[in-house]
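First the structure, in the form of structure tokens, and then the observations on it.
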Amino acid sequence: MPIVRGEQKFIFVGGKGGVGKTVLASAIGLNLAEQGYKTLIASFNPVHSLSSVFEQNLSGGSIVEVKGVSNLYAVEVEIEDVVARYKERITKLIRDFLKWAEIPIDPKGFIEIATTNPAFQEAASFDKMMDLILNESERFDRIVFDTAAVANAIRLIGLSKIYGLWLQRVIKSRQEALSLRAQLSFRKDKALEEMKSDPVLIELLELYKRYTSVKSVLTDPSKTSFIFVTIPTMLSISVVRRFMDMVKAYEIPSGGVVVNMLIPKEEADRDATGFLKSKFEEQERNMEYIRKLFGNQLLGYIPLYPEDIVGIDRLKRLIRDLEAR
Ligand SMILES: Nc1ncnc2c1ncn2[C@@H]1O[C@H](COP(=O)(O)OP(=O)(O)OP(=O)(O)O)[C@@H](O)[C@H]1O
Ligand SMILES: [Mg+2]
């Protein structure tokens with residue numbers, strides 16, 4: 001039985017830090033591959049956790065086949081490389097801009113400000129995500145995105161909206177500046193020619209084209225599904241709740257909520273110290289809240305296992321447990 005309801009090509013897994021996003025993304029990827037879909041799992045964790053879940057070296061930043069499972073591929077995005085490459089592009093853009101505007105200033109300061117601000121890493125990750133959506137969707141039937149911590153993921157989504165508005169503004173002012181320059185020029189024809197080959201405008205238009213295609217994918221419920229994972233604690237629940245609100249506001253389709261790390265009732269009953277029993281009662285109260293909050297959005301439940309989820313066999317057990325409820 002499928003974990004994911006529906007036929008969406010792009011599946012995003014989000015939630016608070018440490019709640020089991022990488023494990024769930026891996027399980028979903030494995031489940032899809034077993035159904036015969038050629039599937040890619042793309043992980044944006046700064047620490048390479050896919051490699052440890054599948055017990056093989058999947059790092060290096062390129063797409064590799066997962067051994068032991070047919071139809072399954074993985075990529076652990078090297079955030080540092082992605083940031084470095086993005087920085088190069090932005091640097092070129094700023095240099096071109098200053099050169100064109102004939103501003104005799106050392107661009108280093110501008111480049112520092114543009115590329116060292118805290119949102120830059122997220123912008124670079126978002127750009128890499130756009131690459132995968134645009135360039136790998138022919139090769140794969142399904143792509144599962146494991147999107148690091150929730151704050152990152154929210155920014156990634158939020159960015160897709162702000163990014164478009166920002167790009168539109170920048171493109172417009174660039175066009176205005178270019179046409180003003182053409183009007184003031186003695187050689188209008190030459191200036192108009194220059195306008196067409198303006199490297200800054202070309203780059204901006206290219207970015208905008210990429211952004212609009214990705215946005216149309218991300219907001220299409222037949223193509224994209226966002227799955228959230230929570231554990232039965234108030235903090236994690238409220239993160240997913242906030243996340244769901246954001247997703248709704250950005251018109252991104254939600255694929256439901258998975259509850260992870262549930263203490264099994266048998267274990268709580270068996271525990272003589274009362275420690276687990278008390279934890280279990282708290283869990284029951286939180287579960288009531290979860291049911292009230294997410295209702296028919298609940299996709300399934302995963303028990304807390306006595307050990308980490310490492311290796312394909314444990315992933316398969318997780319899939320069985322998730323489907324059982
Ligand atoms: N149901 C479970 N039972 C036992 N251990 C679990 C369960 N779910 C996840 N784990 C373990 O918890 C740890 C965190 O899981 P995972 O790495 O998937 O979380 P994450 O949300 O991706 O974390 P991060 O935010 O750091 O990327 C891992 O060691 C994983 O094996
Ligand atoms: Mg992770």
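Both ligands and their constituent atoms are indexed starting at 1 by order of listing. Reckoned from all heavy atoms, side chains included, excluding hydrogens, waters and symmetry mates. None of the values given here were measured: they were computed from a predicted structure. Note that the numbering runs from 1 along the sequence shown for the chain.
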If we only count heavy atoms from C-beta on, is the Arg85 to Asp81 side-chain gap below 4.5 Å?
yes
Start with the C-alpha gap between Lys172 and Glu176, add the side-chain angles, then the distance that decides, and say whether salt bridge (charged side-chain N to carboxylate O under 4.0 Å, His left out) holds.
CA-CA 6 Å; Lys172 190 156 167 269; Glu176 281 167 5; 3.6 Å; yes
Between Glu307 and Arg317, does the salt bridge (charged side-chain N to carboxylate O under 4.0 Å, His left out) criterion hold? Intermediate values first, please.
CA-CA 12 Å; Glu307 70 289 302; Arg317 177 185 60 180; 2.7 Å; yes
If you take the nearest heavy atom of each of Tyr301, Tyr305, Phe44, which one is closest to atom 3 (N) of ligand 1?
Tyr305
Can you confirm if the aromatic rings of Tyr86 and Phe120 lie within a centre distance of less than 6.0 Å?
yes
Lys21: numbered ligand 1 atoms lying under 4.0 Å from its heavy atoms:
18 (O), 19 (O), 20 (P), 21 (O), 22 (O), 24 (P), 25 (O)
Check whether any side-chain heavy atom of Ile302 lies under 4.5 Å from a side-chain heavy atom of Tyr305, and answer yes or no.
yes
Under a 4.5 Å side-chain heavy-atom rule over Ile, Leu, Val, Met, Phe, Trp and Tyr, are Leu134 and Phe145 clustered together?
yes
Tell me if the centroids of the rings in Phe10 and Phe12 come within less than 6.0 Å of each other.
no
Nearest 10°: the angle subtended at the Mg ion (ligand 2) by Thr22 OG1 and Asn45 OD1?
110°
Within the 4.0 Å heavy-atom shell around Asn260, which atoms of ligand 1 are there?
1 (N), 2 (C), 7 (C), 8 (N), 9 (C)
Show the atoms of ligand 1 that are less than 4.0 angstrom away from any heavy atom in Glu307.
4 (C), 5 (N)
What part of Val23 sits under 4.0 Å from ligand 1 if we count only heavy atoms: the side chain, the backbone, both or neither?
both
Within reach of ligand 1, part of Thr22 (heavy-atom separation under 4.0 Å)
both
Contacting atoms of ligand 1, where contact means under 4.0 angstrom from a heavy atom of Gly17
25 (O)
Any idea which part of Val229 is under 4.0 Å from ligand 1, heavy-atom wise: side chain, backbone, both or neither?
neither
Taking only heavy atoms of Ile302 into account, list the atoms of ligand 1 that are under 4.0 Å away from them.
1 (N)
List every atom of ligand 1 that sits less than 4.0 Å from any heavy atom of Pro303, numbering the atoms from 1 in the order shown and giving each element.
1 (N), 2 (C), 3 (N)
Subset of ligand 1 atoms that lie under 4.0 Å from at least one heavy atom of Asn45:
27 (O)
Close aromatic pair by centroid cut-off 6.0 Å: Phe140 and Tyr37:
no
Phe228 and Phe226 aromatic ring geometry - parallel, tilted or perpendicular at 30°/60° bounds:
parallel
When you measure from atom 16 (P) of ligand 1 to each heavy atom in Ser236, Ser49, Gly20, Ala27, which option holds the nearest one?
Gly20
